[in-house]
Chemist: 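The structure's right below; bear with me while I get my questions together.
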Protein chains: 2
Amino acid sequence: MSHTSGVRQAQKRQTRQALLDAGLRLLEQQNLSSLGLRELTREVGVSPAAFYRHFPDLAALGVALVEEALGSLHGVVRAVMAQTSDSGDLIDRAVAIIAEYVERHRPHIRFVARERYGGVREVRAAIAAQLHRFADEVASGLAAQPLSAGWTPEELRVLAELYVDHMVSTAAAFLDVPADDPEARDHLVHAARMRLRIISLGRAHWLDETV
Amino acid sequence: MSHTSGVRQAQKRQTRQALLDAGLRLLEQQNLSSLGLRELTREVGVSPAAFYRHFPDLAALGVALVEEALGSLHGVVRAVMAQTSDSGDLIDRAVAIIAEYVERHRPHIRFVARERYGGVREVRAAIAAQLHRFADEVASGLAAQPLSAGWTPEELRVLAELYVDHMVSTAAAFLDVPADDPEARDHLVHAARMRLRIISLGRAHWLDETV
DNA sequence: AAATTCGGCGAACGGTTGTTTACTGAATGA
DNA sequence: TCATTCAGTAAACAACCGTTCGCCGAATTT
């Protein structure tokens with residue numbers, strides 16, 4: 001039995017990560033489908049052929065980047081949904097978390113926004129799968145709240161998708177705000193909160209008419 | 001004074017349109033930034049150099065496609081907003097119009113969805129400008145409704161953006177539904193209506209808390 | 001100590017790309 | 001009728017592309 005990580009494996013992981021990092025850097029300014037394999041390996045300082053030791057395709061690298069970008073977010077979503085505070089506070093916190101996440105992972109989020117409807121099928125599918133999981137998590141979080149009494153699972157699902165949609169478009173909007181323009185940022189935070197409040201208000205009164 | 005359209009001009013417009021049509025066809029399966037100039041002219045059956053008689057760039061062709069895709073929609077939006085019927089009916093009608101528009105202009109809408117956050121700055125800007133105009137139109141439509149009494153212009157603007165966002169993401173969702181799957185389509189129509197109702201409900205109760 | 005595994009390299013392959021050039025020939029205008 | 005305009009052409013440019021090949025040398029296993 002060998003070490004779980006010998007020198008060999010560690011070095012391989014290192015250049016694999018270098019490929020991912022360089023890819024993300026280059027993808028800040030262009031599409032995945034216009035990223036060249038040679039362009040990428042040149043940036044890393046490695047021969048073109050070396051790429052194939054790690055990925056069969058640039059599409060595969062894209063899928064790996066999707067996991068990197070959104071994988072760690074599921075825990076965050078579940079944590080937010082599990083919180084028990086009044087809804088106003090929860091909304092403010094959710095918006096703040098989105099804003100912070102975008103700021104700290106700007107290239108990753110930009111990549112996801114670009115490729116969500118981009119030209120590479122595998123990557124589109126990977127992103128769609130992640131968003132689907134987010135909706136699942138939000139839906140089950142909502143189901144645990146007292147406000148959801150009387151809602152069918154299908155209705156909760158639609159509501160969850162609405163929240164996720166809002167999360168995505170808010171994140172995309174934050175991308176367009178320059179890092180050094182706190183005023184525009186605050187404006188966006190304010191708007192995002194208001195939109196969330198409108199949705200939550202609609203949710204609270206959903207059963208009024210049918211009763 | 002010459003004719004407004006001689007044979008010369010008419011033929012020029014014709015090949016220009018052929019370039020746009022072929023571009024749209026090719027862009028159903030790929031990004032604008034991965035579309036080749038030669039690939040395009042080959043599809044049209046014209047020499048590569050001919051392209052420059054009509055556009056300086058592929059980016060310029062992209063901008064023209066944005067106008068083609070969204071330009072005619074402003075009238076539709078204004079017409080819908082001007083309608084005076086109960087809100088439930090209006091919601092159903094709006095969703096139906098979106099669904100139909102996507103079905104009849106699928107390649108155009110796909111193009112816009114792809115390039116909204118795509119790799120070509122000029123095209124992104126053109127799309128953002130169009131969406132901005134949509135928000136303006138929706139906002140002024142909302143302002144004319146009695147329900148908007150007590151709303152500040154800023155609040156109306158945020159609400160309008162929420163509606164436009166919803167319109168866009170609904171349209172994008174329709175893109176993923178195969179043309180021969182009316183069941184999935186109906187499911188989507190139903191979900192879109194519900195989301196719109198939630199938003200409209202939230203709007204109706206927005207002033208409850210501050211009063 | 002010897003055998004094997006394997007990440008990375010350099011070179012070559014046929015093919016593509018965007019752009020410029022000088023040109024042709026039909027539509028246009030004097 | 002003659003001169004001009006101009007959409008479209010063919011050819012050439014240098015540069016770049018993804019992929020495959022055999023090989024090297026260090027890490028690993030026997």
Side-chain angles (χ1 to χ4, degrees), chain A residues 1-23 25-27 29-65 115 118-123, chain B residues 1-23 25-27 29-65 115 118-123:
Chain A
M1 185 66 89
S2 64
H3 299 85
T4 58
S5 162
V7 177
R8 235 1 186 323
Q9 286 190 43
Q11 280 174 347
K12 181 169 187 182
R13 266 216 285 263
Q14 199 173 332
T15 74
R16 191 190 125 104
Q17 192 58 46
L19 284 167
L20 288 169
D21 294 348
R25 210 176 311 134
L26 292 170
L27 288 168
Q29 315 256 23
Q30 67 185 303
N31 275 134
L32 177 60
S33 46
S34 71
L35 174 66
L37 183 147
R38 298 182 100 106
E39 184 187 3
L40 174 65
T41 55
R42 202 184 306 127
E43 174 88 0
V44 178
V46 109
S47 87
F51 175 83
Y52 295 100
R53 302 289 186 197
H54 302 274
F55 304 97
D57 265 338
L58 280 170
L61 179 131
V63 170
L65 281 177
E115 301 302 328
V120 184
R121 182 159 25 93
E122 297 93 319
V123 173
Chain B
M1 183 68 87
S2 64
H3 299 85
T4 56
S5 162
V7 176
R8 251 323 204 336
Q9 286 189 42
Q11 280 174 347
K12 179 167 185 180
R13 265 216 286 264
Q14 200 173 334
T15 73
R16 191 191 126 105
Q17 192 59 47
L19 284 167
L20 288 169
D21 294 347
R25 209 176 313 133
L26 294 169
L27 288 168
Q29 315 254 24
Q30 66 186 301
N31 276 134
L32 178 60
S33 48
S34 70
L35 174 67
L37 183 147
R38 298 181 100 106
E39 183 188 4
L40 173 65
T41 55
R42 205 182 306 128
E43 174 89 1
V44 177
V46 108
S47 86
F51 176 83
Y52 295 101
R53 300 290 184 196
H54 303 275
F55 304 98
D57 264 339
L58 280 169
L61 178 131
V63 170
L65 281 177
E115 301 301 329
V120 184
R121 184 160 22 93
E122 296 93 321
V123 174

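In what follows, chains carry the letters A, B, and so on, assigned in the order in which the sequence lines appear, proteins first and then strands, with residues in each chain numbered from 1.
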Chemist: Under the 3.5 angstrom rule, does the side chain of B:Glu115 hit a backbone N or O of B:Leu32 as a donor-acceptor pair?
Modeler: yes
Chemist: Is there a side-chain contact between B:Leu27 and B:Leu65, using heavy atoms and a 4.5 Å cut-off?
Modeler: yes
Chemist: What is the distance, rounded to the nearest whole Å, between atom CD of B:Gln30 and atom C1' of C:dT16?
Modeler: 14 Å
Chemist: Given D:dG8, D:dT19, C:dT20, which nucleotide is nearest the side-chain atoms of B:His54?
Modeler: D:dG8
Chemist: Report yes if the side chains of B:Leu58 and B:Phe51 come closer than 4.5 Å at any heavy-atom pair, otherwise no.
Modeler: yes
Chemist: What nucleotide, of D:dA10, D:dT19, C:dC9, holds the atom closest to the side chain of A:Ala49?
Modeler: C:dC9
Chemist: When the distance from CG of B:Leu40 to P of D:dG8 is rounded to whole Å, what number comes out?
Modeler: 13 Å
Chemist: Of the options C:dA27, D:dT28, D:dG18, whose atoms approach the side-chain atoms of A:Val7 most closely?
Modeler: D:dT28
Chemist: Given atom CG of A:Leu37 and atom C1' of D:dT20, what is their separation to the nearest angstrom?
Modeler: 13 Å
Chemist: Write down the distance between CD (B:Glu43) and C1' (C:dT16), rounded to a whole number of angstrom.
Modeler: 17 Å
Chemist: Give the rounded distance in Å between these two atoms: CZ of B:Arg53 and C1' of D:dA10.
Modeler: 13 Å
Chemist: Among C:dC9, C:dT5, D:dG18, which nucleotide has an atom closest to any side-chain atom of A:Arg8?
Modeler: C:dT5
Chemist: Which residue lies toward the 5' end of DNA chain C, A:Val46 or A:Arg38, if each is placed at its nearest nucleotide?
Modeler: A:Val46
Chemist: Heavy atoms under 4.0 Å, any strand shown: does A:Arg42 hit a base, just sugar-phosphate, or nothing?
Modeler: sugar-phosphate
Chemist: Quick check on D:dA7: is either OP1 or OP2 less than 4.0 Å from any side-chain nitrogen or oxygen of B:Thr15?
Modeler: no
Chemist: May I have the distance from B:Gln14 (atom CD) to C:dA26 (atom C1'), rounded to whole angstrom?
Modeler: 15 Å
Chemist: Quick check for you: among C:dA12, C:dT20, D:dA7, whose closest atom lies nearest to any side-chain atom of B:Tyr52?
Modeler: C:dT20
Chemist: Between C:dG18 atom C1' and B:Glu39 atom CD, what is the distance in whole Å?
Modeler: 13 Å
Chemist: Taking the side chain as C-beta and beyond, is there a heavy-atom pair between B:Lys12 and B:His54 under 4.5 Å?
Modeler: yes
Chemist: Relative to the 5' end of DNA chain C, which residue comes earlier, B:Gln11 or B:Leu58, by the nucleotide with the nearest heavy atom?
Modeler: B:Leu58
Chemist: If we count only N and O atoms by modelled type, under 3.5 Å, do the side chains of B:Gln9 and B:Gln14 hold a donor and an acceptor together?
Modeler: no
Chemist: What integer distance in Å separates B:Arg16:CZ from D:dG8:C1'?
Modeler: 17 Å
